[in-house]
Amino acid sequence: MGARGESVRVGGRRLDIGNPDKELFGSSGITKRDLAAHYRSVGPAMLPHVKGRPLALHRFPDGIDGEGFFQKRRADHAPDWVEGVTVPREKGSTTMVVANGTATLVWLAGQAVITLHPWLSRADDLNRPDRVIIDLDPPGDDFPGVRRAARDTRRLLEELGAPAFLMTTGSRGLHVVVPVRRRLVFDECREIAHGIADRLAQRHPDRLTTEVRKDKRGGRLFVDVLRNSYAQHAVAPYSVRPLAGAPVATPLHWEELDEVASARQWTVRGIGRRIEEVADPWRGMGRRACSLPAVAKRLRHLDR
DNA sequence: GACTGTA
DNA sequence: TACAGTCAACGCGTC
DNA sequence: GACGCG
Ligand SMILES: [Mn+2]
Ligand SMILES: [Mn+2]
């Protein structure tokens, strides 16, 4: 270990990781070295879902018990091979990091980036998302309730002719991800997603709600579609969460859902074995992209 | 984590 | 050289 | 316009 930290080889580069022995997850023993090794290892599985997308970065330089913050602007000190995309915002524009290789993931780990949150759109068409995400947020830690909501969501999406992919968030809920053709802008997509969420809550008013305010949810699971908006984002697959034990957002096969006991089932310690043993649940997602206007039309017909 | 200003 | 201080997001819905 | 929320 030199004065600048520890050398890591990745993507044909050698990067230095400062403070490699710093424990980032309390006293679990998981260090910044482990975080970097995680992202190097999951890079090939993760990158297809991250490439080309502006990233919001959740950083914890002093570990998860210290102060954390989101960073959207690409730091000036980033190496020139860390790519960026300039995105318009309300006032002016800002340049954000885009991870197009495993080396960038590892460099970010060195910056104490624990969680990556990609946009739902890509750099070549920032206003038109190619993913719609139905985010299932349980009250408390009721995972059986989340599983049931996910099956309800899948059933409705099937009726609407929309493909549905599944992921644990590594926290408390599940994400149901719908790949869509890039035909509509964010406001139009969110309106359709809202229609889907409202229909779910209408079918199961005792268990599901679209109420934003917690005090109006009455113990029901929040079907959150507000993330389908410009400059909003959702946790990336195989990203680590800033929680005890370093849980990892994990794509699932629908057939696995019944056996999964928690959104935190996989961690940096266990995800490697899973990736080796289980076929990629999200393989071919892009090729299954559906027409959102067609989905909206079928949704309107359900109302009759 | 990186940088700046001050002692 | 050492160290204290500073900075590092944002859109939507509701009140 | 501020606040709650994720
Ligand atoms: Mn620090
Ligand atoms: Mn969620």
Side-chain angles (χ1 to χ4, degrees), chain A residues 3-6 15-24 31-33 35-36 53-64 66-79 82 84-85 87-97 106-121 126-127 129 132-140 146 169-175 185-194 197-198 201 209-217 220-236 239 241-243 249 263:
Chain A
R4 293 197 176 175
E6 182 166 288
L15 357 174
D16 290 315
I17 303 294
N19 288 319
D21 291 311
K22 181 181 269 189
E23 294 197 9
L24 293 182
T31 63
K32 201 203 278 183
R33 175 190 296 107
L35 185 70
R53 301 174 190 276
L55 290 173
L57 309 167
H58 206 181
R59 296 180 61 194
F60 294 80
D62 299 315
I64 63 172
E67 184 190 349
F69 54 89
F70 278 91
Q71 181 165 338
K72 307 195 105 165
R73 280 213 332 273
R74 179 185 180 281
D76 295 331
H77 63 264
V82 169
V85 59
V87 305
R89 54 177 181 180
E90 276 193 48
K91 195 171 185 181
S93 66
T94 192
T95 300
M96 300 179 70
V97 168
V106 174
W107 180 77
L108 289 170
Q111 296 296 297
V113 172
I114 290 182
T115 314
L116 283 69
H117 296 265
W119 282 25
L120 309 195
S121 60
L126 290 168
N127 293 305
V132 164
I133 296 183
I134 310 215
D135 173 20
L136 305 174
D137 291 334
V146 186
T169 63
S171 180
R172 284 164 16 191
L174 291 166
H175 283 183
V185 297
F186 273 103
D187 285 0
E188 298 166 328
C189 291
R190 187 178 62 254
E191 187 171 316
I192 294 165
H194 224 121
D198 284 338
T209 180
T210 57
E211 287 284 354
V212 174
R213 298 186 77 92
K214 285 183 169 181
D215 56 8
K216 291 201 171 180
R217 292 184 198 162
R220 292 169 293 176
L221 180 148
F222 179 37
V223 183
D224 179 7
V225 291
L226 294 174
R227 338 206 101 297
N228 299 289
S229 305
Y230 182 80
Q232 293 304 105
H233 43 78
V235 62
S239 203
R241 306 311 300 270
L243 298 171

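Every chain is numbered from 1 and lettered A, B, ... according to where its sequence line falls, protein lines coming before strand lines.
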Write out a two-atom table: protein N or O, nucleotide N or O from nucleotides 6-8 of chain C, distance below 3.5 Å.
none

By the 4.0 Å heavy-atom rule, please label [X] as base, sugar-phosphate, or nothing.
{"X": "Asp137(A)", "result": "sugar-phosphate"}
{"X": "Asp76(A)", "result": "nothing"}
{"X": "Gln232(A)", "result": "base"}
{"X": "Arg217(A)", "result": "sugar-phosphate"}
{"X": "Lys91(A)", "result": "nothing"}

* Asked: Closer than 4.0 Å, any side-chain N/O of Lys216(A) to the OP1 or OP2 of dG4(D)?
  ->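 False: Lys216(A) side-chain N/O out of range (4.0 Å or more) of dG4(D) OP1/OP2.
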* For Arg213(A) and for His233(A), locate the closest nucleotide of DNA chain C by heavy-atom distance; then report the residue assigned to the nucleotide nearer the 5' terminus. =>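 The residue closer to the strand's 5' end, by nearest nucleotide, is His233(A).
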* To do: Please state whether the rings of Trp119(A) and Tyr230(A) are parallel, tilted or perpendicular, taking 30° and 60° as the class boundaries.
  =>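 Ring orientation, 0 to 90° scale: perpendicular.
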* Between dG13(C), dG6(D), dC12(C), spot the one nearest the side chain of Asp187(A), thanks. =>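 For Asp187(A), the side-chain atoms sit closest to dC12(C).
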* To do: Figure out the CD/P separation between Gln111(A) and dC3(B), and round it to whole Å.
  =>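 After rounding, the reported distance stands at 9 Å.
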* Matching residue for Lys22(A) among Asp62(A), Thr31(A), Leu35(A), Ile17(A) - test: side-chain contact (heavy atoms from CB on, under 4.5 Å) ->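 The option that passes is Asp62(A).
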* Between Arg217(A) and Thr209(A), does any side-chain donor sit less than 3.5 Å from a side-chain acceptor? ->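 Absent: no donor and acceptor within the cut-off.
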* Asked: Looking at DNA chain D, which of residues 223-230 of chain A put a heavy atom within less than 4.0 Å of it?
  ->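 The stretch gives Asp224(A), Arg227(A) as the residues lying under 4.0 Å from the strand, ordered by number.
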